[in-house]
Amino acid sequence: MKRIETNNGGHAKAGKAHQGAHFMGVRDSRNRRVPGLYLRNGRYYGQIWLKDVRLAKTFPLVTRDGDPVETLNEAKLAMQVLREHERNKALPTLGQKPSLVAYVETYFGKAEIAQKKAGTLENERQALARWMRHLGDVRIDRIATPMIASFKDKRLRTGVSPRTVNLDQIALRNVLKRAVDDGHLRETDVISLKLKKLKEPESPKRGLLTPAEFERLLAAVPMACAKNAVQFADYLRFLAYSGAREQEALKIRWV
């Protein structure tokens with residue numbers, strides 16, 4: 001029998017070399033079987049018995065940052081987290097995962113999402129359409145960090161601002177978080193994608209108008225706006241003295 005050594009002296013018994021793709025039980029440095037832990041192609045997996053469906057399910061083990069575990073100690077800790085997910089019924093669902101294209105439609109079909117403002121929904125649809133064109137019909141659980149990085153690089157190369165790329169990432173993260181709620185992904189799967197916010201350039205600081213400058217602005221209104229000049233000047237005064245935003249001010253009515 002061939003043995004695979006772990007980073008802290010533990011090992012797993014393996015069969016012939018051509019059986020390397022099979023799951024092999026992990027043993028510690030004292031040659032004791034570690035319950036639920038397996039190795040396959042050098043990667044650690046944890047097996048959980050699902051009582052509801054009377055089936056054993058195997059999951060790849062990752063750290064809290066979403067990276068594959070590398071040592072037996074890390075695998076044991078990840079196994080504890082996996083068992084905690086099982087107790088809280090937070091494990092991913094069994095069976096084939098939906099594609100990104102299919103799940104985006106599911107996302108927009110949810111009642112809570114439909115309650116968002118029309119402008120917000122339209123912006124999300126446009127951002128997600130860009131993601132789908134870039135990623136293709138990939139399964140939602142097959143989205144990987146290099147795919148995310150290439151999307152961001154492609155967008156930046158076309159002259160898109162970091163702010164816009166960050167909004168694209170927010171749209172994708174919203175979908176992935178819903179996929180976690182639906183049991184298609186785990187939170188660690190989303191964390192592992194490293195959807196990090198790009199640094200945005202600071203907006204230029206704008207100085208406030210002095211009272212004299214504001215009066216000159218009001219005096220210039222009749223020349224710039226011959227029609228409804230009085231109303232527009234009153235509108236500017238209202239903005240200045242109330243601090244309201246432009247669209248908010250337009251919605252205010254006399255009572």
Side-chain angles (χ1 to χ4, degrees), residues 1-15 17 19-100 103 135 138-150 169 172-197:
M1 284 294 228
K2 173 185 175 183
R3 295 182 188 277
I4 293 181
E5 298 296 330
T6 60
N7 289 8
N8 68 343
H11 54 263
K13 286 186 177 181
Q19 295 177 327
H22 290 224
F23 288 101
M24 299 169 292
V26 174
R27 294 182 179 274
D28 61 19
S29 58
R30 296 184 180 181
N31 201 31
R32 296 175 301 187
R33 179 73 176 85
V34 183
L37 284 183
Y38 292 86
L39 270 171
R40 183 185 183 191
N41 291 334
R43 180 163 185 182
Y44 284 97
Y45 290 80
Q47 190 175 83
I48 293 289
W49 177 258
L50 304 179
K51 298 179 182 178
D52 295 343
V53 294
R54 300 183 62 81
L55 179 69
K57 175 67 175 176
T58 304
F59 299 88
L61 296 177
V62 295
T63 65
R64 293 191 180 276
D65 293 329
D67 299 317
V69 300
E70 297 181 350
T71 68
L72 181 54
N73 285 336
E74 288 181 343
K76 289 178 178 179
L77 291 174
M79 192 65 192
Q80 293 176 9
V81 174
L82 192 63
R83 291 192 176 107
E84 182 180 340
H85 287 331
E86 192 276 332
R87 287 192 295 271
N88 296 331
K89 299 188 181 302
L91 291 173
T93 55
L94 299 175
Q96 184 82 357
K97 307 301 181 187
S99 67
L100 176 63
Y103 191 74
L135 298 175
V138 64
R139 264 174 37 189
I140 198 166
D141 60 326
R142 298 296 185 188
I143 299 174
T145 300
M147 299 177 183
I148 305 294
S150 63
Q169 290 193 98
L172 180 62
R173 187 184 291 112
N174 289 343
V175 170
L176 297 179
K177 285 184 176 180
R178 285 290 170 178
V180 172
D181 295 339
D182 288 349
H184 298 305
L185 299 172
R186 293 174 296 177
E187 281 192 50
T188 51
D189 296 328
V190 179
I191 294 172
S192 68
L193 293 177
K194 297 179 173 59
L195 287 160
K196 294 182 179 178
K197 181 179 179 181

Counting N and O atoms only, with roles assigned by atom type, does the side chain of [X] sit under 3.5 Å from a partner on the main chain of [Y], one being a donor and the other an acceptor?
X	Y	value
Glu187	Val180	no
Tyr103	Arg178	yes
Asp182	His184	no
Arg33	Val26	yes

Rounded to the nearest 0.5 Å, how far does [atom2] of [Y] lie from [atom1] of [X]?
X	Y	atom1	atom2	value
Leu77	Thr71	CG	OG1	8.0 Å
Leu100	Ile143	CG	CD1	4.5 Å
Arg30	Arg32	CZ	CZ	5.0 Å
Arg173	Ile148	CZ	CD1	9.5 Å
Tyr44	Glu74	OH	CD	9.0 Å
Leu172	Met147	CG	CE	11.5 Å

[X] versus [Y], closest heavy-atom pair with distance:
X	Y	answer
Ala78	Val69	CB-CG1, 3.9 Å
Gln47	Met79	O-CE, 3.2 Å
Gln169	Lys197	NE2-CA, 4.2 Å
Ile140	Ala179	CD1-CB, 3.7 Å

With sequence neighbours left out, the residues meeting ring-ring contact (aromatic ring centres under 6.0 Å, His included) with Tyr38 are none
Student check: side-chain heavy atoms of [X] and [Y] closer than 4.5 Å:
X	Y	value
Leu61	Leu37	yes
Leu39	Phe23	no
Val62	Arg43	yes
Arg142	Leu135	no

message = Under a 4.0 Å threshold between the charged nitrogen and the carboxylate oxygen, would Asp141 count as salt-bridged to Arg139?
response = yes
